[in-house]
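Note: hydrogens, waters and symmetry copies are ignored here, and every other heavy atom, side chains too, is used. Everything numeric here is computed off the predicted structure, so don't read it as measured data.
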Amino acid sequence: MTEKKLTPEQRALLSVISSSISGSPAPELTDVDFSAFTRLCLEQKLFPFVFSATHKSFPRELFPEAKRRATLQIMTQTRATADVLEVLSLAKEKGISLIPVKGVLCRDLFPEEYLRPSGDEDLFAPEDFDAAESFLFSQGFFVSGGQGTSVVTFASGKTPLRIELHKSLFPSDGSATGELNGFFASPATREYILRSGRAVTSLEPEAHLLYLILHAYKHFIHSGFGLRQVCDICLWAKAYAPRIDFSRLFSDLASVNSDVFALGVFALGAQYLGLSALPKEYDRLPDPLPMLRDILDSGIYGSSTEDRLHTSNVTASAVAAEKAGKKSSGMFRTLFPGKSVMLSRYPSLKKSGLLLPFCHVHRIATYLFRSLSPKGPDPGRTVSLAGERIELLKLYGIIK
């Protein structure tokens with residue numbers, strides 16, 4: 001990774017998150033470009049959370065739009081949270097097993113739950129996916145966007161709530177992450193009472209922490225992950241520490257080469273966000289600064305630039321090759337991703353894999369056309385960034 005200092009806006013974001021989570025007054029923001037600061041907060045999907053703590057510092061000319069944006073996100077999230085809780089309640093009444101993960105549970109650990117936005121709510125249906133799917137249809141939801149082999153996205157014209165219904169928590173045919181589903185084949189669950197008084201049933205605390213870490217890991221080996229996920233992981237580990245066997249947790253993580261990565265996440269939370277979540281015996285932590293720089297550059301799911309998104313085929317291929325004991329074919333996989341990668345963009349592949357070569361031609365032609373635009377992807381930058389991210393995977397013990 002290229003050595004560079006954090007910008008004033010990046011330092012301000014870290015400071016505001018740290019103070020807000022601890023309940024301390026937000027620091028005075030000086031030497032900050034508020035337009036750049038706003039973009040950074042939006043990329044990390046933390047704008048309502050940050051704006052609520054810093055609104056008095058915003059320049060007069062930017063305040064109305066910033067307030068409008070934060071208010072809209074808060075209203076949308078409040079409605080979506082109420083609606084997903086209602087969906088879970090109705091499903092329970094009808095005997096449909098739906099296990100929420102991430103969003104609704106992690107949101108409850110923030111100082112104000114409505115300030116942590118979610119683009120969608122993830123519901124896991126390990127027992128009877130078809131019954132869960134039929135239930136959502138009966139509630140007025142419809143399939144929205146592409147369908148993968150392990151997840152279907154639902155939306156409704158009656159609510160801003162979007163639901164990702166998971167048959168498995170990780171892509172079942174993804175060679176880089178498919179093995180992670182083994183941890184959740186027969187998930188143990190427990191009931192959680194949220195701040196609102198509503199009860200939801202989800203994974204046991206240790207299993208849910210394992211999932212949060214592996215979900216961040218999945219995004220890290222593709223295009224990147226964000227500060228919101230770091231907060232989720234550290235807040236969860238801190239809140240449920242008495243119910244977590246950290247030795248067993250790290251043994252599970254080590255079995256899939258993600259233990260050093262997890263230590264890096266916890267080190268980042270402790271050093272930059274004031275979120276010390278690990279027991280004292282975990283005192284030898286990796287340097288979190290390279291990970292932090294990658295996070296601040298990537299946006300919430302590595303989607304800050306097209307160049308970064310295109311690196312995912314190289315990095316995921318390198319991880320898959322490591323697991324298979326083979327040499328990575330990163331550049332080949334960048335040009336010709338496997339069927340599992342292409343499915344989200346070309347759902348027709350689900351019906352016939354024979355269409356894969358034609359989809360490759362269409363994808364490459366589209367990429368080349370877009371690269372001609374001043375705002376399009378830069379092939380040279382994509383290759384350079386992919387190389388940097390490969391070194392990052394080596395640094396955190398994911399590949400050798």
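Between the side chain of Ser202 and the main chain of Pro100, a donor-acceptor pair closer than 3.5 Å is present. With hydrogens and angles disregarded, a donor-acceptor distance shorter than 3.5 Å links the side chain of Ser298 to the backbone of Ile295. Checking side-chain atoms of Ser89 against main-chain N and O of Leu85 turns up no donor-acceptor pair under 3.5 Å. Side-chain atoms of Arg389 come within 3.5 Å of backbone N or O of His222 as a donor-acceptor pair. Without hydrogens or angle criteria, Glu9 side chain to Asp33 main chain gives a donor-acceptor distance under 3.5 Å. Distance alone, capped at 3.5 Å, is enough to place a donor-acceptor pair between the Ser255 side chain and the Asp252 backbone. In this structure a side-chain-to-backbone donor-acceptor pair under 3.5 Å is present from Thr78 to Ile74. Between the Arg11 side chain and the Leu6 main chain, a donor and an acceptor come within less than 3.5 Å of each other. Remark: side-chain polar atoms of Ser22 are paired, donor with acceptor, to backbone N or O of Ser19 under 3.5 angstrom. A donor-acceptor pair under 3.5 Å links the side-chain atoms of Gln44 to the main chain of Leu227, judged by distance alone.
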Candidate pair Leu214 and Ser258, rule side chain to side chain contact (heavy atoms under 4.5 Å, CB included), full reasoning: CA-CA 8 Å; Leu214 292 177; Ser258 58; 3.6 Å; yes

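Evaluation of the ring-ring contact (aromatic ring centres under 6.0 Å, His included) test over residues 87-109, restricted to residues two or more places apart or in two chains, returns none. Sequence neighbours left out, the pairs with a member in residues 26-49 that pass ring-ring contact (aromatic ring centres under 6.0 Å, His included) are Phe34-Phe58, Phe47-Phe51, Phe49-Phe110. Among residues at least two apart or in separate chains, ring-ring contact (aromatic ring centres under 6.0 Å, His included) pairs with a member in residues 229-253 are Tyr192-Trp236, Tyr192-Tyr240, His208-Trp236, Trp236-Tyr240, Phe250-Tyr282. Note on residues 193-212: pairs passing salt bridge (Lys or Arg N to Asp or Glu O under 4.0 Å), not counting sequence neighbours, are Glu86-Arg198, Asp108-Arg195, Glu113-Arg195, Glu204-Arg243, Glu206-Arg248.
Across all non-hydrogen atoms, the minimal contact from Ala216 to Gln229 is CA-NE2, 3.8 Å.
With contacts defined as side-chain heavy-atom distances shorter than 4.5 Å, the pair Leu249/Asp245 does not qualify.
Looking at residues two or more places apart in sequence or on another chain, you find no salt bridge (Lys or Arg N to Asp or Glu O under 4.0 Å) involving Asp120. With sequence neighbours excluded, the residues forming a ring-ring contact (aromatic ring centres under 6.0 Å, His included) with Phe220 are Phe225, Phe261, listed by chain and number.
In summary, of the residues considered (Phe141, Phe142, Phe137, Phe135), a ring pair (Phe, Tyr, Trp, His ring centres under 6.0 Å) with Phe154 occurs for Phe137 alone. Test His215, Lys102, Arg116 against Asp232 for side-chain hydrogen bond (donor to acceptor under 3.5 Å, both in side chains) and you get one pass: Arg116.
Summarising the local packing, CD of Glu65 is surrounded by more than 12 heavy atoms from other residues, nucleotides or ligands at distances under 6.0 Å. The environment of Glu28 atom CD is sparse: at most 12 non-hydrogen atoms of other residues, nucleotides or ligands sit within 6.0 angstrom.
A distance of 9.0 Å separates CZ of Phe183 from CZ of Phe170, quoted to the nearest 0.5 Å.
A salt bridge links Arg79 to Asp83: one of the charged nitrogens lies within less than 4.0 Å of a carboxylate oxygen.
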